[in-house]
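This report concerns only the one structure given below.
Position 1 is the first residue of the sequence, and the numbers go up from there.
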Amino acid sequence: MARNIKADHGAVYRAVINWTEVPEKGGTPHTEYEGPYGEPGAAQGRVTFWENYLRDPDTGETRASGHVEEGTITWQPYTPPRKASRKGGRA
């Protein structure tokens, strides 16, 4: 089911999550985006969730950080891609 994010007449927000794999798996950095959300608090909540979820219980350090970005959505009609036509008959 679709959700109403109040995007038709104002700003929308997304969470930008920067996280790093554990050193044993290479320590590779990643950036993920979550949203859009209708309120900045919802996006900030996702940042906080990932900071806490990726926190080391022994040291208290986290492998995640993030911030909230604001934007607008422009709606336009969607045109599906054309299907490729098949040439020739059965072989």
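We find the CZ-CG distance between Arg63 and Asn18 to be 13.5 Å, quoted to the nearest 0.5 Å. Between the CD atom in Gln44 and the CZ atom in Phe49 there is a gap of 14.0 Å [rounded to 0.5 Å]. Here Trp19 contributes atom CH2 and Glu32 contributes atom CD; the two are 6.5 Å apart, rounded to the nearest 0.5 Å. Here the NE2-CZ distance, from His67 to Arg14, works out to 7.5 Å after rounding to the nearest 0.5 Å. With rounding to the nearest 0.5 angstrom, the OG1 atom of Thr62 is 5.5 Å from the CG atom of Leu54.
Checked by atom type, the side-chain pair Trp50/Glu34 shows a donor-acceptor distance below 3.5 Å.
Looking at every heavy atom in both residues, Pro36 comes nearest to Ile73 through CG-CD1, 4.4 Å. The two atoms that bring Ala15 and Ala43 nearest to each other are CB-O, 3.4 Å, heavy atoms only. Across all their heavy atoms, Gly38 and Tyr13 have their closest contact at O-CE1, 3.7 Å.
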- Query: Thr20 and Thr28: side-chain contact (heavy atoms from CB on, under 4.5 Å), yes or no, with the steps?
  - Reply: CA-CA 5 Å; Thr20 306; Thr28 306; over 6 Å; no
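Arg55 places no side-chain N or O within donor-acceptor distance of the main-chain N or O of Glu61, the cut-off being under 3.5 Å.
In this structure, Val47 and Ile17 have side chains that are in contact, with non-hydrogen atoms separated by less than 4.5 Å.
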